[in-house]
Amino acid sequence: GAVVSQHPSWVICKSGTSVKIECRSLDFQATTMFWYRQFPKQSLMLMATSNEGSKATYEQGVEKDKFLINHASLTLSTLTVTSAHPEDSSFYICSARDGDRDFYEQYFGPGTRLTVT
Amino acid sequence: GESVGLHLPTLSVQEGDNSIINCAYSNSASDYFIWYKQESGKGPQFIIDIRSNMDKRQGQRVTVLLNKTVKHLSLQIAATQPGDSAVYFCADITGFQKLVFGTGTRLLVSP
């Protein structure tokens, strides 16, 4: 149980275009979802926290107009990178918290590799 | 954890040896700690956790030690196997807040 999927697993897009990444909780209801970014050989950095049905809370330094997050249902959150640039190339990882389980438990998705050319 | 970026320390061990991976955290109020394993191109995988009211917890082949006095966490892997090769991150939570990841340590296990 407690499986989180991401789609796509990798994507290549041209500079200036937008790309959407989906994060789904497959067998539980995710009251809260998190989006992380990870550059090569670095740690995971939290970008934003989203609760179902409300606006996402962004970490300091993360542009909310560039990284649009929508958590429209208890099983789906999306991250849209708008007007992508090469410096947005990174590994994006989501995680989800099961509302029926211990607050501290988070389940991570497999990640999405974004390359902007 | 303290995420300082750019450089991943590496621990190289021989198969069968015991591995010890260390982590320093900065917030003395942190009350929950987790170790994750991340293989190349994949998301983090939960290994073991420990609450701040404990100083040791054991799992299958893994042990986590918590020293709150010096704000130090360690992960011990017994009889390390090639499949244990990955990057290991510690993370901590304070109150009902976000996970903060440490820098990470790359574990290389040679046969």
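Cluster partners of B/Leu65: none. The rule joins Ile, Leu, Val, Met, Phe, Trp and Tyr whenever side-chain heavy atoms lie under 4.5 Å apart, and it links nothing here. A/Met33 belongs to no hydrophobic cluster, as no Ile, Leu, Val, Met, Phe, Trp or Tyr side chain comes under 4.5 Å of its own.
Listed by sequence position, the residues of residues 63-87 of chain A in contact with chain B number zero, using a 4.5 angstrom heavy-atom cutoff.
Grouping the Ile, Leu, Val, Met, Phe, Trp and Tyr side chains by contacts below 4.5 angstrom, directly or via other members, places B/Val13 apart from B/Leu108. Under a hydrophobic-cluster definition in which Ile, Leu, Val, Met, Phe, Trp and Tyr are linked whenever side-chain heavy atoms come within less than 4.5 Å, directly or via other members, A/Val4 and A/Trp35 are assigned to different clusters. Placement of A/Tyr58 and B/Phe101 in two distinct hydrophobic clusters is found when ILVMFWY residues are connected by side-chain heavy-atom separations under 4.5 Å, directly or transitively. Note: the hydrophobic cluster containing A/Val19 does not contain A/Ile93 (ILVMFWY, side chain heavy atoms under 4.5 Å, direct or indirect links). The same ILVMFWY cluster, assembled from side-chain heavy atoms under 4.5 Å apart, contains both B/Leu73 and B/Tyr88.
Residue-environment remark: CZ (B/Arg61) exceeds the threshold of 12 foreign heavy atoms within 6.0 Å.
Residue contact with chain B, scored on non-hydrogen atoms closer than 4.5 Å, involves the side chain of A/Glu59 exclusively.
B/Phe89 and A/Gln38 get closest at one heavy-atom pair: CZ-NE2, 3.6 Å.
Going from atom CD of A/Gln106 over to atom CD1 of B/Ile34 covers 7.0 Å, rounded to the nearest 0.5 Å.
Using a 4.5 Å heavy-atom cutoff, the side chains of A/Phe108 and B/Phe46 are not in contact. Counting only heavy atoms from C-beta outward, the side chains of A/Tyr36 and B/Leu99 approach each other to under 4.5 Å. For the pair B/Gln38/A/Phe91, a side-chain contact is recorded, criterion being any heavy-atom separation below 4.5 Å from C-beta on.
A side-chain hydrogen bond (donor to acceptor under 3.5 Å, both in side chains) check over residues 39-50 of chain B, counting only residues at least two apart or in different chains, returns the pairs B/Tyr32-B/Asp49, B/Asp49-B/Arg57.
Put simply, the side chain of A/Ser43 gets close to the backbone of B/Gly102: a donor and an acceptor are under 3.5 Å apart.
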